[in-house]
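Read the structure below first, then the notes.
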Amino acid sequence: MTRKGPALHHFDIGPEEQLEALRRGAIDIVREEELLEKLLRSHRGGRPLRVKLGLDPTAPDIHIGNAIPIQKLRKFQELGHQAILIIGDYTAMVGDPAGVDKTRPMLTREAVMANARTYLEQVGKILDMERTEILYNSRWFEKMGFSEIIRLASRITVARMLERDDFSLRYKEGIPISLHEFLYPLMQGYDSVMVRSDVELGGTDQLFSLLVGRDLQRDFGQEPQVALTTPLLEGIDGQRKMSKSLGNYIGITEEPEQVFGKAMSIQDGLMRKYFLLTTDLPDERIDELLSDNVHPKEAKMELAKALVARYWGREAAEGAAREFDKVFREHELPEHIAEVVVPRKEVKDGKIWLVRLLVLGGFAQTNSEARRLIAQGGVNINKQTLTDPNLDWEVSPGAVIQVGRRRFARVTVGE
RNA sequence: GGGGAGAUUCCCGAGUGGCCAAAGGGGACAGACUGUAAAUCUGUUGGCGUAGUCCUUCGGAGGUUCGAAUCCUCCUCUCCCCA
């Protein structure tokens with residue numbers, strides 16, 4: 001279960017104190033004075049701030065990296081402010097060029113809508129959806145005429161666009177930039193105009209777009225929003241930004257054991273960042289865990305537990321930790337093992353070609369890949385390593401096959 | 001519109017007629033060591049029922065040749081310079 005924070009009303013907490021809470025883990029606040037001013041006014045007038053976060057449903061899953069600004073939005077909610085979630089169904093079709101070195105593929109409307117549905121489900125693990133305003137930006141973009149697009153496009157210069165690192169880098173390297181990518185920040189900025197946001201959240205790579213929002217709001221006679229950015233999180237490979245397509249992510253709907261295991265595999269050097277951005281442990285506790293008094297592995301266990309607890313609750317976290325110890329310290333079998341059902345027709349004379357079994361079990365894409373795994377000693381059944389790729393294995397239902405260090409399955413025979 | 005350069009396997013990148021399923025690096029995977037960390041070392045990295053004088057892959061379509069990633073023609077796309 002998701003922990004819902006205490007039902008705080010923003011009158012309960014003073015503006016300075018709110019600012020303090022909001023600052024945690026933030027990179028830029030443009031501008032902080034303005035934010036304080038807005039908080040003061042809101043507090044005085046009893047009117048919540050309108051805090052906007054745009055999500056482009058470009059992938060079906062939300063991971064703990066893109067959950068960071070969502071968590072920040074939740075913080076605003078806890079402080080009594082109005083959360084506005086923009087589902088960028090229109091912008092997703094363009095594809096955000098921020099921080100990428102090539103044009104994103106344009107998504108079809110169907111794919112975007114399917115993703116949007118799973119997003120909303122998943123966001124519900126973080127936000128109080130009852131108090132969240134949800135808007136699809138196709139609502140205003142769909143009916144926008146070309147003349148309006150031209151007017152919007154006139155608000156920004158090519159030079160300013162090319163100032164951006166991602167664009168200038170691509171330009172210098174001779175990597176194509178399509179014109180429509182220039183439109184992206186304008187669209188995101190226009191969203192802010194449409195919802196009259198007081199604050200917009202986003203990752204640091206969003207700063208430019210958030211600032212364009214300020215400019216556009218000014219042009220439309222509105223008070224500019226405050227831009228608040230959060231850090232980008234490295235993926236579990238420790239190299240690149242966490243992303244679904246790189247496969248280095250921890251999804252917020254992944255099973256507790258999965259989340260725990262992935263968290264345990266991050267580099268030690270990343271721990272502080274993960275603690276700070278993906279858990280809500282107090283700073284003092286984090287310092288304590290990362291001091292010399294605590295073995296790094298113990299600290300990481302705490303990190304993994306805190307992370308699981310955030311999305312699955314305390315109990316699931318404890319369970320995942322026990323399971324982890326069992327499998328990786330005591331080398332016992334995990335509690336829940338997926339089943340591989342071998343169709344009866346694949347079994348001949350009570351035997352099945354081991355390579356075939358691996359492919360059927362999804363451990364390998366092709367026979368060749370399965371052969372390699374076997375030859376390299378990466379496959380065992382009931383803890384007995386099998387290294388002959390030509391082996392016809394005598395099927396014994398209930399046997400546990402292990403591939404690599406972390407993939408297990410129990411073999412059964414069925415249709 | 002004119003001129004030039006280019007497109008290679010997951011990515012970068014070498015390869016200019018046979019020795020090419022294609023160097024090297026990165027990534028990934030497996031093994032050793034470990035804390036499912038880092039570092040290091042080793043191996044693997046198109047497919048095929050167990051293997052070959054086999055099949056598919058060097059942007060696409062044709063062609064030359066006994067033989068093409070490599071040569072020719074056309075096409076598509078990208079970058080650069082000029083307008």
Side-chain angles (χ1 to χ4, degrees), chain A residues 100-103 105 167-179 181 234-250 254-275 289-290 292 294-305 307-308 320-334 346-349 351-360 362-380 385-393 401-408:
Chain A
V100 292
D101 54 8
K102 58 178 178 235
T103 309
F167 280 143
S168 70
L169 219 63
R170 280 164 68 180
Y171 192 66
K172 273 188 214 119
E173 308 250 314
I175 299 164
I177 303 170
S178 294
L179 207 51
E181 295 182 73
E234 284 88 349
I236 55 175
D237 59 359
Q239 301 285 317
R240 296 158 302 176
K241 183 180 146 187
M242 182 174 286
S243 91
K244 173 86 179 166
S245 56
L246 293 173
N248 62 356
Y249 70 102
I250 301 179
E254 285 187 271
E255 293 299 311
E257 289 78 19
Q258 282 286 316
V259 173
F260 197 96
K262 285 187 177 184
M264 287 306 287
S265 74
I266 66 164
Q267 295 173 22
D268 289 2
L270 240 41
M271 274 201 277
R272 180 172 292 277
K273 199 164 180 185
Y274 268 66
F275 265 125
L289 283 168
L290 295 178
D292 292 338
V294 181
H295 189 282
K297 191 198 168 199
E298 294 309 315
K300 209 177 285 175
M301 293 284 283
E302 289 304 315
L303 169 62
K305 266 196 266 185
L307 188 53
V308 174
R322 274 196 303 277
E323 178 81 353
F324 180 85
D325 263 344
K326 202 168 112 186
V327 176
F328 293 104
R329 209 176 56 200
E330 289 147 36
H331 300 288
E332 284 179 24
L333 294 174
E346 297 282 348
V347 182
K348 288 177 194 88
D349 301 326
K351 293 181 171 181
I352 184 168
W353 184 27
L354 185 55
V355 164
R356 182 77 190 138
L357 179 63
L358 291 188
V359 174
L360 284 172
F363 293 111
Q365 299 278 307
T366 62
N367 289 359
S368 301
E369 195 183 325
R371 272 170 190 290
R372 275 179 231 128
L373 284 167
I374 296 164
Q376 290 176 137
V379 176
N380 73 62
T385 303
L386 303 171
T387 54
D388 178 10
N390 295 327
L391 178 77
D392 287 313
W393 177 63
I401 180 165
Q402 180 180 4
V403 178
R405 265 178 298 186
R406 51 191 96 168
R407 292 186 290 167
F408 298 86

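If you're wondering where the values come from, they're calculated on a predicted model, not measured in any experiment. In the text below, chain A, chain B and the rest are named by the order of the sequence lines, each starting its count at 1.
Every residue two or more places apart in sequence or in another chain that forms a salt bridge (charged side-chain N to carboxylate O under 4.0 Å, His left out) with A/Glu346 is listed here: A/Arg356. Checked against side-chain contact (heavy atoms from CB on, under 4.5 Å), A/Glu234 has the following partners two or more places apart in sequence or in another chain: A/Leu270, A/Lys273. Applying the side-chain contact (heavy atoms from CB on, under 4.5 Å) criterion to A/Arg405, with sequence neighbours excluded, gives no partner residue. For the ring-ring contact (aromatic ring centres under 6.0 Å, His included) test, residues two or more places apart in sequence or in another chain that qualify with A/Phe324 are A/Phe260, A/Phe328. Qualifying salt bridge (charged side-chain N to carboxylate O under 4.0 Å, His left out) partners for A/Arg406, counting only residues two or more places apart in sequence or in other chains: none. For A/Ser178, the side-chain contact (heavy atoms from CB on, under 4.5 Å) criterion is met by A/Thr103, A/His180, A/Glu181, not counting sequence neighbours. Under the salt bridge (charged side-chain N to carboxylate O under 4.0 Å, His left out) criterion, A/Arg322 pairs with no residue, sequence neighbours left out. Under the side-chain contact (heavy atoms from CB on, under 4.5 Å) criterion, A/Glu254 pairs with A/Tyr249, A/Ile250, A/Gln258, A/Val259, A/Lys262, not counting sequence neighbours.
As rounded to the nearest Å, B/A14 and B/G62 have C1' atoms that lie 28 Å from one another. Here the separation of B/G67 from B/G18, taken at their C1' atoms, is 6 Å to the nearest Å. Here, B/G4 and B/U56 have their P atoms 37 Å apart, quoted to the whole Å. Separating the C1' atom of B/U16 from that of B/U8 is a span of 13 Å, rounded to the nearest Å. Nucleotides B/G26 and B/A32 place their P atoms 22 Å apart, quoted to the nearest Å. Remark: the separation of the C1' atoms in B/G24 and B/U78 is 25 Å, to the nearest Å. A gap of 26 Å separates the C1' atoms of B/G63 and B/U53, to the nearest Å. Taking atom C1' on both nucleotides, B/A5 is separated from B/G59 by 16 Å, rounded to a whole Å.
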Are there any protein N/O atoms within less than 3.5 Å of an N/O atom in nucleotides 77-82 of chain B, and if so, which ones and at what distance?
none

Do any N or O atoms of the protein come closer than 3.5 Å to N or O atoms of nucleotides 3-12 of chain B, and which pairs are they?
none

Provide a list of protein-nucleic acid N or O atom pairs under 3.5 angstrom, restricted to nucleotides 35-37 of chain B.
residue : atom : partner  : partner atom : Å
B/G35   : O6   : A/Asp268 : OD2          : 3.4
B/G35   : N1   : A/Asp268 : OD1          : 3.3
B/G35   : N1   : A/Asp268 : OD2          : 2.7
B/G35   : N2   : A/Asp268 : OD1          : 2.7
B/G35   : N2   : A/Lys300 : NZ           : 2.9
B/U36   : O2   : A/Arg406 : NE           : 2.8
B/U36   : O2   : A/Arg406 : NH1          : 3.0
B/U36   : O2   : A/Arg406 : NH2          : 2.7
B/A37   : O4'  : A/Lys300 : NZ           : 3.2
B/A37   : O2'  : A/Ile266 : O            : 3.2
B/A37   : O2'  : A/Asp268 : N            : 3.3
B/A37   : N3   : A/Asp268 : OD2          : 3.3

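Among the protein residues, A/Asp392 comes within range of the nucleic acid bases, having at least one heavy atom under 4.0 Å from a base atom. Among the heavy atoms of the strands lying under 4.0 Å from A/Asn367 are primed sugar atoms or P, OP1, OP2 only; no base atom is included.
Taking a pair to require two hydrogen-bonding distances under 3.5 Å in either a Watson-Crick or a G-U wobble arrangement, B/U70 remains unpaired. Within the shown strands, nothing qualifies as a pairing partner of B/U56 under the Watson-Crick or G-U definition with both distances less than 3.5 Å. With both pairing distances under 3.5 Å, B/A14 is matched to nothing as a Watson-Crick or G-U wobble pair. Checking B/U65 for Watson-Crick or G-U wobble geometry (two distances, each under 3.5 Å) identifies no partner in any strand. Searching all strands for a Watson-Crick or G-U wobble partner of B/U78 with both distances below 3.5 Å returns B/A5. As the counterpart of B/U50, no nucleotide is assigned, since no Watson-Crick or G-U wobble pattern has both distances under 3.5 Å. With a cut-off of 3.5 Å on both Watson-Crick or G-U wobble distances, the partner of B/C41 is given as B/G31.
In the displayed structure, A/Lys351 atom NZ is contacted under 6.0 Å by at most 12 heavy atoms of other residues, nucleotides or ligands. Crowding of A/Glu330 atom CD: a count of heavy atoms from other residues, nucleotides or ligands under 6.0 Å exceeding 12. Around atom CG of A/Asp388, more than 12 heavy atoms belonging to other residues, nucleotides or ligands sit under 6.0 Å away.
Closest non-hydrogen pair, A/Pro334 versus A/Phe408, comes out as CG-CD1, 3.6 Å. Scanning both residues, A/Ala299 and A/Leu289, for their nearest heavy atoms gives CB-O, 3.5 Å.
Regarding A/Glu234, its CD atom lies at a distance of 15 Å from the C1' atom of B/A38, rounded to whole Å. Look at CD1 on A/Ile236: it is 15 Å from C1' on B/A38, rounded to the nearest Å. Between A/Asn380 atom CG and B/G31 atom C1' the separation is 13 Å, expressed in whole Å. Residue A/Gln365 contributes atom CD, which lies 16 Å from atom C1' of B/C48 at whole-angstrom precision. Rounded to whole Å, atom P of B/A28 lies 21 Å from atom CZ of A/Phe363.
Side-chain atoms of A/Ile352 and A/Leu360, non-hydrogen and from C-beta on, do get closer than 4.5 Å to each other. In this structure, the side chains of A/Met301 and A/Asp325 come closer than 4.5 Å at one or more pairs of heavy atoms.
Within residues 368-376 of chain A, the residues approaching RNA chain B are A/Ser368, A/Arg371, A/Arg372, A/Leu373, A/Gln376, by heavy-atom distance under 4.0 Å.
Salt bridge annotation for A/Arg372-A/Glu369: absent, with no cationic side-chain nitrogen under 4.0 angstrom from a carboxylate oxygen.
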